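A note on names: the letters A, B, ... follow the listed sequences, proteins ahead of strands, and every chain is numbered from 1. Quantities reported herein were computed from a predicted structural model and do not represent experimental measurements.
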There are 2 protein chains.
Amino acid sequence: MKVLKQRSTCPISTALDVLGDKWTLLILRDMVFAGKSTYGQFLQSAEKMATNILADRLAVLESQGILTKAVAADKKSKFTYRLTEKGVDTVPLIIELVLWGAKHCPTIVDSGLLAELQGEKDAAVEKYKQLAREMARA
Amino acid sequence: MKVLKQRSTCPISTALDVLGDKWTLLILRDMVFAGKSTYGQFLQSAEKMATNILADRLAVLESQGILTKAVAADKKSKFTYRLTEKGVDTVPLIIELVLWGAKHCPTIVDSGLLAELQGEKDAAVEKYKQLAREMARA
DNA sequence: TTTTTTCACTTGCAATTTGCAAGTAATTGG
DNA sequence: CCAATTACTTGCAAATTGCAAGTGAAAAAA
């Protein structure tokens with residue numbers, strides 16, 4: 001069981017103790033926006049995460065109660081990772097990252113998604129949280 | 001001039017290339033919520049950032065156009081760091097970190113602030129963005 | 001039934017990044 | 001002039017990362 005050290009009692013600092021690195025939120029992005037749920041799927045993302053880093057981050061996320069790990073329904077040799085409510089609650093954060101990145105950095109975003117997020121943000125946040133919950137049930 | 005490498009064209013990944021580490025957003029937090037603007041003030045935060053890391057992150061933030069550096073009005077030996085609009089636009093992100101950290105981790109938050117953020121979030125985001133702009137003008 | 005492939009990691013190691021302590025150089029206050 | 005302040009820089013040990021290769025269990029192929 002991974003133990004994280006907390007630098008202070010500040011909620012921002014503590015949130016960053018858990019989520020503040022270059023890889024963790026990409027795993028959550030893949031779960032929320034790409035519906036990914038297995039080790040192999042995470043490895044295929046464009047950013048090419050190293051296998052040991054992925055294994056480490058999944059273990060941290062599990063020990064922090066952000067996702068759960070269970071044997072896959074189809075294969076005994078495969079695991080399925082699902083978001084908990086604590087994980088689903090990172091959706092607003094991820095959406096703010098999309099908006100900031102799209103506005104201020106040279107990136108490629110689906111224009112429909114961007115319009116949706118820029119228009120009715122609260123509704124979009126709820127929609128993607130609900131979608132994430134449904135995937136976690138499947 | 002610091003050069004950051006972009007792992008992919010995804011806005012989330014690119015935002016994390018810039019902001020995704022344990023220290024950068026704490027500097028922005030100190031500017032937005034504590035009104036800090038100098039090297040010495042940043043060093044005094046509860047998390048005790050190392051001096052070389054602070055100098056490095058300030059240089060990255062400046063080169064990324066998130067903040068500007070200028071000689072202080074009162075002393076020639078002092079610098080004042082101010083948020084640009086790109087920096088002000090991280091306020092929604094920082095507020096989501098407060099909300100997630102306060103809800104899911106053991107932290108200490110001002111209950112008035114928390115109530116404000118949980119109640120009228122959009123209004124609170126606008127208020128703190130405006131405050132951050134005013135501090136950047138001062 | 002044996003063999004091969006797939007999947008989910010683990011291991012080893014070099015390279016980078018971090019954290020700590022100490023040092024420096026330019027003001028500024030007295 | 002001299003001590004203190006401010007904003008860094010430097011050196012170095014320790015921790016973290018990234019890459020390549022290896023492992024072991026289960027599933028598919030022969």
Q: Rounded to whole angstroms, how far apart are CG on Asp17(A) and C1' on dT18(C)?
A: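 To the nearest whole Å, that distance equals 15 Å.
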Q: Within this structure, what is the NZ-to-C1' distance between Lys36(B) and dT6(D), rounded to whole angstrom?
A: 16 Å
Q: Please output the side-chain donor-acceptor pairs of residues 98-107 of chain B that fall under 3.5 Å, not counting sequence neighbours, one pair per line with the distance.
A:
{"unit_1": "Trp100(B)", "atom_1": "NE1", "unit_2": "Lys86(A)", "atom_2": "O", "d": "3.0"}
{"unit_1": "Lys103(B)", "atom_1": "NZ", "unit_2": "Asp89(A)", "atom_2": "OD2", "d": "2.9"}
{"unit_1": "His104(B)", "atom_1": "NE2", "unit_2": "Asp89(A)", "atom_2": "OD2", "d": "2.6"}

Q: Considering residues at least two apart in sequence or located in another chain, which fulfil the side-chain hydrogen bond (donor to acceptor under 3.5 Å, both in side chains) criterion with Ser8(B)?
A: Glu47(A), Ser13(B)
Q: Would you classify Phe42(A) as touching base, sugar-phosphate or nothing, given that sugar-phosphate means primed atoms plus P, OP1 and OP2, and contacts are heavy atoms under 4.0 Å?
A: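 If one applies the 4.0 Å heavy-atom cut-off, Phe42(A) turns out to touch nothing in the nucleic acid.
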Q: By the 4.0 Å heavy-atom rule, please label Lys69(A) as base, sugar-phosphate, or nothing.
A: sugar-phosphate
Q: Mind checking whether Phe42(B) and Leu58(B) have side chains closer than 4.5 Å, heavy atoms only?
A: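 Heavy-atom side-chain distance check passes, below 4.5 Å.
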Q: Could you list the donor-acceptor pairs under 3.5 angstrom formed between side-chain atoms of residues 112-121 of chain A and any protein atom two or more places apart in sequence or on another chain?
A:
{"unit_1": "Glu116(A)", "atom_1": "OE1", "unit_2": "Tyr128(A)", "atom_2": "OH", "d": "3.1"}
{"unit_1": "Glu116(A)", "atom_1": "OE2", "unit_2": "Lys127(A)", "atom_2": "NZ", "d": "2.8"}
{"unit_1": "Lys121(A)", "atom_1": "NZ", "unit_2": "Glu96(A)", "atom_2": "OE2", "d": "2.8"}

Q: Output yes when at least one side-chain N/O atom of Tyr39(B) is less than 4.0 Å from OP1 or OP2 of dT9(D), else no.
A: no
Q: Look at Trp23(B) and dT18(C) and indicate whether a side-chain polar atom (N or O) is within less than 4.0 Å of OP1 or OP2.
A: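 For dT18(C), neither OP1 nor OP2 has a side-chain N or O of Trp23(B) closer than 4.0 Å.
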Q: Quick test: give all pairs of protein nitrogen or oxygen and nucleotides 25-28 of chain D nitrogen or oxygen below 3.5 Å, distance rounded to 0.1 Å.
A:
{"unit_1": "dA27(D)", "atom_1": "OP1", "unit_2": "Lys76(A)", "atom_2": "N", "d": "2.6"}

Q: For residues 65-77 of chain A, pull every pair meeting salt bridge (charged side-chain N to carboxylate O under 4.0 Å, His left out), keeping only residues two or more places apart or in separate chains.
A: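 Residue pairs passing salt bridge (charged side-chain N to carboxylate O under 4.0 Å, His left out), neighbours aside: Asp74(A)-Lys78(A).
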Q: Could you list, one pair per line, each protein nitrogen or oxygen that sits under 3.5 Å from a nitrogen or oxygen of nucleotides 11-15 of chain C, together with the distance?
A:
none

